[in-house]
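Below is one structure; the comments refer to it alone.
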Amino acid sequence: MIDLYTDSSPNGFKATIALEETNLDYTLHHVQIEQGDHRQPAFLKLNPHGRIPVITDSETGVTLFESAAILLYIAEKSGQLLPQSLQERWQALQWLQFHASSMGPVFGQRVHFEIFAEKKLPEAIARYQKLTDDIYHVLDQRLREADYFAGPDYSIADIAAFGWTHIAQICGFNFDQYAHLTAWHQRIAARPAVQRGIALPAPATGP
């Protein structure tokens with residue numbers, strides 16, 4: 001049995017979507033960040049950085065934080081969401097790393113500077129708007145070539161990217177001008193497991 005500790009966020013939705021897609025047995029624990037649950041000693045024993053999501057697996061004794069690592073673990077445990085062919089598997093892993101090193105950090109900083117920062121810094125806002133558009137362009141170019149990031153098959157790379165495109169739309173970071181990215185997002189959003197995943201532990205409502 002997997003225990004998932006999470007809240008409604010782009011990183012949290014990656015874990016809930018993957019677990020819903022694979023039908024692995026799991027128990028959901030709502031870590032309410034606005035109430036400071038992520039800074040409580042019990043949670044910090046699971047992740048000393050105080051970030052969600054976290055999973056523990058009583059079958060294997062594994063505890064993991066960082067959403068990309070959790071996606072890989074769920075894929076390997078279930079035997080799903082990672083292509084079998086060498087080329088497509090490494091495409092999935094490459095785009096998963098792109099999400100972790102570029103997409104997530106840039107989108108997160110844009111959310112901070114544009115929405116949550118008490119003092120609005122035009123230079124920072126403009127910087128992260130441009131970087132977001134650059135990422136949209138890169139994603140769109142890849143999706144011009146293939147239906148999904150790994151190629152013909154849906155994978156954890158798509159789940160990782162969708163966590164942020166879902167929140168981007170809620171925040172008003174529109175990407176309608178990128179036709180291939182928009183079509184991909186709509187395909188992912190229509191999946192029943194994705195619809196369940198973005199409603200757990202509660203839907204995101206925006207800033």
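Quick caveat: nothing in here was measured; it's all calculated off a predicted structure. Numbers here are sequence positions counted from 1.
Between Leu82 and Arg89, the closest heavy-atom pair is CD1-NH1, 3.6 Å. Among all heavy-atom pairs drawn from Ala168 and Phe107, the shortest one is CB-CE2, 4.0 Å. Closest non-hydrogen pair, Thr22 versus Leu81, comes out as CG2-CD1, 3.6 Å. Summarising the geometry of Ile167 relative to Ala204, their closest heavy-atom pair is CD1-CB, 3.8 Å, with the distance given to 0.1 Å. Heavy atoms only, all atoms of each residue included: Tyr73 and Asp57 are closest at OH-OD2, 2.7 Å. The two residues Trp164 and Gly104 make their nearest non-hydrogen contact at NE1-CA, 3.4 Å.
Taken together through direct or relayed side-chain contacts under 4.5 Å among Ile, Leu, Val, Met, Phe, Trp and Tyr, Met103 and Leu181 form part of one hydrophobic cluster. When hydrophobic clusters are built by joining Ile, Leu, Val, Met, Phe, Trp and Tyr residues whose side-chain heavy atoms come closer than 4.5 Å, directly or via intermediates, Leu64 is not grouped with Leu44. The hydrophobic cluster containing Ile198 does not contain Ile33, counting ILVMFWY residues as joined when their side-chain heavy atoms lie under 4.5 angstrom apart, directly or transitively. Cluster membership check: Val31 does not share its hydrophobic cluster with Phe13, using side-chain heavy-atom separations under 4.5 Å among Ile, Leu, Val, Met, Phe, Trp and Tyr. Leu19 is not connected to Met1 by any chain of hydrophobic side-chain contacts under 4.5 Å among Ile, Leu, Val, Met, Phe, Trp and Tyr, and they are in different clusters.
For Lys45, the NZ atom counts as loosely surrounded, since its 6.0 Å shell holds 12 or fewer non-hydrogen atoms of other residues, nucleotides or ligands. For Arg51, the CZ atom is loosely surrounded, since the number of other residues' heavy atoms within 6.0 Å does not exceed 12. Annotation for Gln109: atom CD counts as buried by contact number, over 12 foreign heavy atoms lying within 6.0 Å. Heavy atoms of other residues, nucleotides or ligands lying less than 6.0 angstrom from CD of Glu34 number 12 at most.
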- Take Phe175 and Asp133 through the test side-chain contact (heavy atoms from CB on, under 4.5 Å) and record every step on the way to the result. CA-CA 8 Å; Phe175 47 88; Asp133 283 339; over 6 Å; no

- Task: Check step by step if side-chain contact (heavy atoms from CB on, under 4.5 Å) holds for Ile115 and Phe173.
- Result: CA-CA 11 Å; Ile115 297 173; Phe173 302 167; 3.9 Å; yes

- Give the C-alpha distance, both sets of side-chain angles, the deciding distance and a yes or no for salt bridge (Lys or Arg N to Asp or Glu O under 4.0 Å) between Glu21 and Lys14. CA-CA 11 Å; Glu21 289 279 10; Lys14 298 167 201 173; over 6 Å; no

- Report the C-alpha separation of Glu20 and Leu200 in whole Å, then their side-chain angles, then the decisive distance to 0.1 Å, and conclude whether the side-chain contact (heavy atoms from CB on, under 4.5 Å) test is met. CA-CA 10 Å; Glu20 290 294 320; Leu200 298 169; 3.7 Å; yes

- side-chain contact (heavy atoms from CB on, under 4.5 Å) evaluation trace for Thr16 with Thr6: CA-CA 8 Å; Thr16 51; Thr6 193; 4.3 Å; yes

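With rounding to the nearest 0.5 Å, the separation of CD1 in Ile70 from CD1 in Ile159 is 12.5 Å. Interatomic distance, OG of Ser58 versus CG of Asp3, reported as 6.5 Å (0.5 Å rounding). Distance CD1/Ile74 to CD/Gln80: 10.5 Å, rounded to 0.5 Å. Taking CG of Asp147 as the start and OH of Tyr154 as the end, the distance is 14.0 Å to the nearest 0.5 Å. Rounding to the nearest 0.5 Å gives a distance of 11.0 Å between CH2 of Trp90 and CG of Leu96. Atom CD of Glu59 is separated from atom CG of Leu24 by 9.5 Å, given to the nearest 0.5 angstrom.
For Phe162 and His166, the ring centers sit closer than 6.0 Å to each other.
With contacts defined as side-chain heavy-atom distances shorter than 4.5 Å, the pair Thr132/Val106 qualifies. Side-chain contact check for Pro203 versus Ser8: every heavy-atom pair is 4.5 Å or farther apart. The shortest distance between side-chain heavy atoms of Thr56 and Ile2 does not fall below 4.5 Å. Between Tyr148 and Ile188 there is a side-chain heavy-atom pair separated by less than 4.5 Å. Residues Leu139 and His137 are not in side-chain contact: their nearest non-hydrogen atoms beyond the backbone lie 4.5 Å or more apart. Proximity of Ile17 to Arg191: side-chain heavy atoms (C-beta onward) are nowhere separated by under 4.5 Å.
No donor-acceptor pair closer than 3.5 Å links the side chain of Glu88 to the backbone N or O of Asp153.
If you check the side chains of Tyr136 and Thr182, you find no donor sitting under 3.5 Å from an acceptor. Between the side chains of Asp140 and Trp184, not a single donor N or O lies within less than 3.5 Å of an accepting N or O. Under the 3.5 Å distance criterion, with hydrogens and angles disregarded, a donor-acceptor pair is assigned to the side chains of Trp95 and Gln91.
With sequence neighbours left out, the side-chain hydrogen bond (donor to acceptor under 3.5 Å, both in side chains) criterion links Arg144 to Gln141.
For Arg142 and Phe149, the positive end is not near the middle of the six-membered ring at less than 6.0 Å and at most 45° from its axis.
Ion pair Lys120/Glu114 not flagged as a salt bridge, since none of the NZ, NE, NH1 or NH2 atoms sits closer than 4.0 Å to an Asp/Glu carboxylate oxygen.
Among residues at least two apart or in separate chains, ring pair (Phe, Tyr, Trp, His ring centres under 6.0 Å) pairs with a member in residues 22-66 are Tyr5-His29.
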